[in-house]
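This is a predicted model, so every value here is computed, not measured.
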Amino acid sequence: MAGNSVNLPHATRRRSTLAFKFLIPFVLVLSVSVIAVTQYFQSISYFLRPLWDTPPKPFSRIPHYYAPNMSMDQLCQLHGWGILSFPRRVFDAVLFSNELDILEIRYHELFPYVDRFVILEANATFTGIPKSLTFFENLNRFAFASSKIVYDMLPIGDLDPDSRRMPFLVEAGHRRALNNLLKRSGIAVGDVLIMADADEIPSPETVQLLKWCDGIPPIMHLELKNYMYSFEFHVDQNSWRTTAHVFTERTKYQHSRQTDLMLADAGWHCSFCFREIKEFAFKMKAYSHADRVKHDIFLNPDRIQRVICNGDNIFDMLPEEYTFSDLFKKMGRIPRSASAVHLPSYLIRNADSYRFLLPGGCLRPG
């Protein structure tokens, strides 16, 4: 018994030592895991999205027919619609931040077909950063469309103070202000209202259908070809937020899903399509997803230049997809396209002024 009493503490110490040796690597692994999850939570979440999220209901796509030199009567009939005796008025409404070149292309491209360009600009970003009134300061570039432009400026101080700390609430405030501007624009029941961001451009063929065809759906989304940084990097066909409404008293400006109907191949969405590096950095800090700027290096001009020439993700994020097959398909760089066919005609006619938006023009000043 005495021998056992002497050996017991030694055995206990040995077990304690072994337990401590195993505890150290466990704590280290746990600590590293916590840091990794904290640091890369968004990437992990996006990678596992097919496991935890449900894809939205598929759109019901309306086939889109067009060929040069066809009458509107023929085109409307191909879509199963009639022809109006007189065209509807079309109002194009956008919130504007700093997409000056893309807006210039948009207004030139749609000028013959749009009756009013309704545009709202604020003196601060969705994230509360003060900004110049870029559109107002460059009105000379839009003098050709001055008779059709309905413009207003939203002082960011007019928004609720609590909202200014939450970008998506600030953005919602902008959209409410745009509704008020629409009321002052002269829009009437039966007119067509296009709701879009400045870089989401319906094609002239699409707007012609909206003007002339009788029996179009009261609300439909417009499927736009999705581009990133320029028309050299075609991402997919999945830009859907732009909508066309036959206006009623209940119509409100929104930028979310509003119907299951979508007109196929209806235009172009060119995201982060800026002339200068500083414009990329500004938008990264300014828009509602500014929390994606995880590190200061993301705003480094040399890094931004490499990203836009390589077709990488500017926020170093995984694709936002609902299936692993789509996720793996879009991982990595966006494939380059050498095609500049079926792009906005004003862009091609003025290619020398917009070389940075065309294949081979990825280098940006500044």
Okay, side chain of [X], backbone of [Y]: is any donor-acceptor separation there less than 3.5 Å?
X: K148; Y: V114; value: yes
X: D115; Y: V90; value: yes
X: Q305; Y: C362; value: yes
X: W268; Y: H342; value: yes
X: E121; Y: M153; value: no
X: R116; Y: I187; value: no
X: K225; Y: H234; value: no
X: N310; Y: D312; value: no
X: R303; Y: I314; value: yes
X: K211; Y: R88; value: yes

### Query
What's the verdict on side chain to side chain contact (heavy atoms under 4.5 Å, CB included) for L133 and N123, showing C-alpha distance, side-chain angles and the deciding distance?
CA-CA 6 Å; L133 299 175; N123 64 350; 4.1 Å; yes

### Task
Specify whether F280 and Y229 have parallel, tilted or perpendicular ring planes, treating 30° as the upper limit for parallel and 60° as the lower limit for perpendicular.
tilted

### Message
Does the plane of the ring in H79 sit parallel, tilted or perpendicular to the ring in Y65? Use 30° and 60° as the thresholds.
### Response
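Answer is perpendicular, since the angle exceeds 60°.
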
Restricting to non-hydrogen atoms, name the atom on [X] and the atom on [Y] that form the minimum distance, rounded to 0.1 Å.
X: V192; Y: L210; value: CG2-O, 3.6 Å
X: S339; Y: P359; value: O-CG, 3.9 Å
X: I194; Y: P202; value: CG2-CG, 3.9 Å
X: I102; Y: C270; value: CD1-CB, 4.1 Å
X: V94; Y: Y253; value: CA-OH, 4.1 Å

Going by heavy atoms in the side chains, are [X] and [Y] under 4.5 Å from each other?
X: Y346; Y: Y107; result: no
X: S230; Y: Y354; result: no
X: F272; Y: V307; result: no

### Query
In terms of side-chain heavy atoms, does Q208 have a donor or acceptor partner in Y66 at a distance below 3.5 Å?
no

#### Entry: Donor-acceptor pair between S325 and T323 side chains, under 3.5 angstrom
yes

### Message
Set out, in order, the CA-CA distance, both residues' side-chain angles and the distance that settles salt bridge (Lys or Arg N to Asp or Glu O under 4.0 Å) for E320 and R292, then state yes or no.
### Response
CA-CA 13 Å; E320 299 179 69; R292 295 176 175 177; 3.3 Å; yes

Could you state the interatomic distance from [atom1] ([X]) to [atom2] ([Y]), rounded to the nearest 0.5 Å?
X: I277; Y: L299; atom1: CD1; atom2: CG; value: 11.5 Å
X: K131; Y: N98; atom1: NZ; atom2: CG; value: 7.0 Å
X: E99; Y: S271; atom1: CD; atom2: OG; value: 9.0 Å
X: I308; Y: F356; atom1: CD1; atom2: CZ; value: 10.5 Å
X: S256; Y: W240; atom1: OG; atom2: CH2; value: 6.5 Å
X: Q74; Y: N69; atom1: CD; atom2: CG; value: 10.0 Å

### Message
Other residues, nucleotides and ligands only: do more than 12 of their heavy atoms fall within 6.0 Å of CZ on F144?
### Response
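Counting other residues, nucleotides and ligands, CZ of F144 exceeds 12 neighbours.
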
### CG (D296) with more than 12 external heavy atoms under 6.0 Å
no

### Task
For residues F142 and F135, establish whether the separation of their ring centroids is below 6.0 Å.
yes

### Query
Any chance the rings of F298 and H295 have centres within less than 6.0 Å?
yes

### Query
If you draw the axis of the six-membered ring of F59, does the NZ or CZ of R257 fall within 45° of it and under 6.0 Å from the ring centre?
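Judged by the rule, R257 and F59 form a cation-pi pair.
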
### Message
For a salt bridge (Lys or Arg N to Asp or Glu O under 4.0 Å) check, start with the C-alpha distance between D265 and R61, then their side-chain angles and the critical distance, and finish with the verdict.
### Response
CA-CA 10 Å; D265 199 6; R61 283 176 169 79; over 6 Å; no

### Task
With sequence neighbours excluded, tell me which residues meet side chain to side chain donor-acceptor pair (under 3.5 Å) with T251.
T248

#### Entry: salt_bridge(E171, R175) N-O dist < 4.0 Å
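Yes, charged N to carboxylate O under 4.0 Å.
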
### Message
Test: side-chain hydrogen bond (donor to acceptor under 3.5 Å, both in side chains). Region: residues 191-204. Which pairs qualify, not counting sequence neighbours?
### Response
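Checked against side-chain hydrogen bond (donor to acceptor under 3.5 Å, both in side chains) - neighbours excluded - the pairs reaching residues 191-204 are R89-D191, D199-H269, E200-T242, E200-H255, S203-E205, S203-T206.
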
### Message
Could you see if F111 belongs to whatever hydrophobic cluster contains V207? Use Ile, Leu, Val, Met, Phe, Trp, Tyr and a side-chain cutoff under 4.5 Å.
### Response
yes

### Working for salt bridge (Lys or Arg N to Asp or Glu O under 4.0 Å), residues D152 and R184
CA-CA 10 Å; D152 200 6; R184 306 198 305 268; 2.6 Å; yes

